[in-house]
**Student:** 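Dropping a structure here in C-alpha cells format, bear with me for questions.
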There are 2 protein chains.
Amino acid sequence: MVETNQGPHPRERILDASEALFAEKGYEAVTIREIVKAAGCNVAAVNYYFGQKRNLYLEVFECRWIPRAYKIQESFRENLRKSGRSDVEGIIRAFAMAFLEGPFSEKERIRHSQLMAREIARPSEAFDLIAKKVMRPFVRELVELLRKALPAPVRDHELILILLSIFSQIIYFTFARRPVSLFTGKRYTSEFRENLCDHIVAFSLRGLGMGNGGCS
Amino acid sequence: MVETNQGPHPRERILDASEALFAEKGYEAVTIREIVKAAGCNVAAVNYYFGQKRNLYLEVFECRWIPRAYKIQESFRENLRKSGRSDVEGIIRAFAMAFLEGPFSEKERIRHSQLMAREIARPSEAFDLIAKKVMRPFVRELVELLRKALPAPVRDHELILILLSIFSQIIYFTFARRPVSLFTGKRYTSEFRENLCDHIVAFSLRGLGMGNGGCS
DNA sequence: GTCTATAGCAGGATAGAC
DNA sequence: GTCTATCCTGCTATAGAC
C-alpha cells in the first residue's frame, strides 16, 4: 500500500498516490497525511501544490482520470478498427473490451472504475466535469454507431437504456469483485476476466435481440 | 434532510437517521454530531446506546437492513405467487419488481441499495454478515428456481453469471440515477421507473435467450 | 435515560526556517 | 521547493450532573 513513489516530480507522485487512495476509500476517508506518506513527501506538499485537499481531488480527475478515459475511448475505436467489423456484436465487444481489457494495468482499470462509480453514487463537481467532457460525447458516439449497425430502426430512448444495461454489467463485474467471486467461486484471473467479457458480450447481444442462442 | 424524528425510542430514531446518512454519504463522511442532530437527540446518545460509532453502523445492518432484505425476498416470493407463473419471465420480473417496486417507499429502497452498493464497493464486516445471511441463500434459491424453469439444462456457473447480469442492472438503475437521468433526459417518476423495470425484464429475458424479439 | 461539559486527539491548513 | 512546527477546528468518546 505504501507507494513510496520516488520517481517523478512530487506533484505527480501526489496525484498518483491520492488517486489510488480516493478510489479505494473515498474522498472523506482519505487524509492528507496518508497521501503524502504514500507519495513520499511532506505534509505541506499537498497544500503547496494544490492549495487545499478538495482541489487535489478535482485535479486527479483533470490530470489523471479524464486523460485515461480518452485513452479508453481511443482503445474502443482501435478495437473496432482491428476487428474489422462494424456490426452490433463488434461494437459491443469493442466496448466491453475497452473497459475490461483496456490499455492499462489491472490496478489502473480498477482504480478508474472505482472513481467513476463513486462519482456516480454521489455526484460532486467532478461528475459535471466527466459528464460533459467524457460520458456525454461517448454515449453519443456509441448511439450513432449502434443505430447504423442495427437492422431495424430502434428509438434513441431504447438504445440508450440498452447501452446503460451493458455498461451496468461492465461496471458491476469490475467493481463488485467480492460478491462476484463469492458466488462464482472464482478469483479474478485473466482467464476468468476473459470469461466475464465473453459472458457480457453474449448476454448483451442477446439482450439486444441479436443473439443466436436460445431461440427455438 | 434534518429528520427530527421525534416519534419512537431514541435508539430507533438514531438507527433510522444514521442509516439514511450512511447510505447517502458513506461511513467516514458521517459524524456522530450529524446523526444525533438528525435523530433529534444528544451527542452522548450514540455512545450510550451503541458504545461506539462503528457498532452503530453494524447495528444498522442487523436491525434495519437485514430485516428489510428479508422482506424484499418475501416480496419476490409473493410476486411470483401472485403472478401465478413459475417460468423464466415470471421469475425475472418478480426479481426485478421486488427490488424496484418493493414493499417500501422510494426513499427506503434507494437507501437500501446504496448501503448494499457501498458494501459491495468496499466490503467491511457488514459484508460478511449480509453475504452469509442474505445474499448466499437468496442466490441459491434463485438458481434452483431458474434451473427448474429453463427448458435446456444450463450450467450453474453460467446461471450465476446471468443472475449477476440482471442484478447489476437493477443496482445500476436504482443507484446511478444521475447519469441515467442525464442520458435518458428523464426524471425518476413512477412512470419512468415502470419503464425501466420493463426494460430490465425484456433485456434480461432476451439475454437469457428466452426473448421473443429480434430473432429472425 | 438523557443531558452538559469536556477530555483527548486527529484532521486540514499555514507560517516560517532552511 | 521542501521541510518542521504549530494553529485551530471539529471529531469521538467519556465523566458526571440531573
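Chain A is the first sequence line, chain B the second, and so forth, proteins listed ahead of strands; every chain is numbered from 1.
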**Student:** Does anything in residues 110-136 of chain A pair up under ring-ring contact (aromatic ring centres under 6.0 Å, His included), and if so which pairs, sequence neighbours excluded?
**Tutor:**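 Every pair satisfying ring-ring contact (aromatic ring centres under 6.0 Å, His included) with a residue in residues 110-136 of chain A: A:Trp65-A:His112.
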**Student:** Taking only residues two or more places apart in sequence, or in another chain, which ones meet A:Glu28 in a side-chain contact (heavy atoms from CB on, under 4.5 Å)?
**Tutor:**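 Checked A:Glu28 against side-chain contact (heavy atoms from CB on, under 4.5 Å); matches are B:Ala29.
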**Student:** Output all residues satisfying ring-ring contact (aromatic ring centres under 6.0 Å, His included) with B:Phe192, sequence neighbours left out; order by chain, then residue number.
**Tutor:**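 Only B:Tyr188 meet the ring-ring contact (aromatic ring centres under 6.0 Å, His included) criterion with B:Phe192.
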**Student:** When every nucleotide of nucleotides 4-18 of chain D is labelled 5' to 3' by its protein contacts under 4.0 Å (heavy atoms), B for base, S for sugar-phosphate only, - for none, what sequence of letters results?
**Tutor:** B------BBBB----
**Student:** What is the distance, rounded to the nearest whole Å, between atom CD of A:Glu12 and atom P of D:dG1?
**Tutor:**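 So the CD-P distance, A:Glu12 to D:dG1, works out to 13 Å.
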**Student:** Sequence neighbours left out, what passes side-chain hydrogen bond (donor to acceptor under 3.5 Å, both in side chains) with B:Lys133? Give chain and number order.
**Tutor:**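 Checked B:Lys133 against side-chain hydrogen bond (donor to acceptor under 3.5 Å, both in side chains); matches are B:Glu62.
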**Student:** With sequence neighbours excluded, give me every salt bridge (charged side-chain N to carboxylate O under 4.0 Å, His left out) pair touching residues 70-79 of chain A.
**Tutor:**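 Qualifying pairs, neighbours excluded: A:Glu74-A:Arg77, A:Arg77-A:Glu141, A:Glu78-A:Arg81.
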